[in-house]
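In what follows, a structure is listed as structure tokens, so that the remarks can point back to it.
Below, chain A is the first sequence line, B the second, and so on; all start at residue 1.
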Amino acid sequence: DQQVKQNSPSLSVQEGRISILNCDYTNSMFDYFLWYKKYPAEGPTFLISISSIKDKNEDGRFTVFLNKSAKHLSLHIVPSQPGDSAVYFCAANRRRDDKIIFGKGTRLHILP
Amino acid sequence: DTAVSQTPKYLVTQMGNDKSIKCEQNLGHDTMYWYKQDSKKFLKIMFSYNNKELIINETVPNRFSPKSPDKAHLNLHINSLELGDSAVYFCASSRTVAYGYTFGSGTRLTVV
């Protein structure tokens with residue numbers, strides 16, 4: 001039962017352009033949504049989060065958009081840089097559960 | 001100065017053996033977790049502890065037993081290892097879920 005879905009296993013984007021990573025979820029009770037970045041042989045690193053009561057959160061080059069009616073969120077990276085090449089995990093949480101549910105990840109390749 | 005450290009990083013062992021993975025965090029967080037990333041790359045929660053108390057146990061076989069001697073440590077002991085236990089195990093800690101987890105770099109367990 002996948003509550004958090006990332007349907008694109010990989011994405012290639014030219015350096016300097018915008019990278020858009022998508023995520024869908026099924027549980028309307030989630031309180032927070034998070035994005036993690038993971039390099040090979042390292043643990044996931046927290047990137048940015050958004051509360052379910054907001055529709056946008058921005059941190060430098062990273063912006064997360066939340067569309068609750070569509071149960072969809074996306075991560076925008078502008079401009080994309082070579083160091084952004086990594087696997088990105090979408091994740092969600094219900095505050096009362098105190099656990100984070102992860103999607104399967106999308107591998108982002110930034111092309112020179 | 002590593003925030004969440006796991007040892008060992010790699011572990012190769014035979015079926016039927018018993019092994020332990022250690023985790024320590026120096027962030028002062030109250031909650032610690034074990035996650036498993038299987039061959040399909042899903043990150044799934046196994047256990048969470050809050051201040052040495054078990055909070056979440058996600059239908060993990062009894063062969064897996066977490067132990068938290070203090071709130072800075074959460075070790076994972078696995079009895080009678082099976083081939084299907086081969087995975088990457090991540091330890092994590094958090095202050096509150098909204099701020100995300102801080103993950104360790106993972107332990108790649110291979111059962112042969």
Side-chain angles (χ1 to χ4, degrees), chain A residues 1-10 21 23 25 27 29-54 57 59 62 64 66 73 75 86-108, chain B residues 2-11 21 23-25 27 29-51 53-60 66 87-109:
Chain A
D1 178 27
Q2 267 184 270
Q3 297 187 60
V4 178
K5 300 177 186 179
Q6 294 176 259
N7 293 319
S8 299
S10 67
L21 297 116
C23 178
Y25 61 95
N27 190 339
M29 302 301 291
F30 285 134
D31 295 303
Y32 284 97
F33 301 89
L34 310 96
W35 285 93
Y36 280 79
K37 176 180 179 179
K38 185 183 180 304
Y39 292 120
E42 293 185 13
T45 304
F46 173 69
L47 202 55
I48 191 169
S49 66
I50 187 168
S51 164
S52 61
I53 62 173
K54 296 189 174 182
N57 188 24
D59 183 2
F62 303 92
V64 56
L66 176 62
L73 67 154
L75 175 68
V87 176
Y88 289 80
F89 289 97
C90 174
N93 152 261
R94 286 193 309 176
R95 193 181 299 113
R96 69 174 198 185
D97 290 340
D98 195 30
K99 68 179 179 182
I100 294 177
I101 297 171
F102 287 85
K104 198 173 176 179
T106 296
R107 184 177 297 277
L108 176 64
Chain B
T2 307
V4 179
S5 60
Q6 296 178 229
T7 54
K9 192 168 178 68
Y10 300 96
L11 184 54
I21 307 171
C23 179
E24 176 182 3
Q25 55 99 1
L27 298 165
H29 291 164
D30 286 330
T31 308
M32 295 185 71
Y33 309 82
W34 278 108
Y35 272 77
K36 177 181 179 180
Q37 187 179 31
D38 59 22
S39 58
K40 295 182 179 178
K41 305 302 182 186
F42 280 109
L43 267 166
K44 292 183 180 176
I45 191 167
M46 300 173 68
F47 302 102
S48 79
Y49 268 73
N50 184 282
N51 208 8
E53 183 180 342
L54 179 66
I55 303 299
I56 294 174
N57 182 342
E58 287 281 307
T59 59
V60 175
V88 182
Y89 292 84
F90 288 99
C91 177
S93 72
S94 74
R95 177 161 51 114
T96 67
V97 174
Y99 289 93
Y101 297 159
T102 301
F103 279 90
S105 58
T107 296
R108 181 175 292 277
L109 171 65

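For B/T102, the side chain to side chain donor-acceptor pair (under 3.5 Å) test picks out no residue, with sequence neighbours left out. A search for side chain to side chain donor-acceptor pair (under 3.5 Å) contacts involving A/N57 returns nothing, not counting sequence neighbours.
Interface remark: B/E58 contributes side-chain atoms only to the contact with chain A (heavy atom separation under 4.5 Å). Using a 4.5 Å cut-off between heavy atoms, A/F89 touches chain B through its side chain atoms alone. Using a 4.5 Å cut-off between heavy atoms, B/K9 contacts chain A through its side chain alone, with no backbone atom that close. For chain A, the nearby part of B/I45 is the side chain; its heavy atoms alone come within less than 4.5 Å.
Ring centroid separation for the pair A/Y36 and A/F102 comes in under the 6.0 Å cut-off. Between B/Y33 and B/Y101, the distance separating the two ring centers is shorter than 6.0 angstrom.
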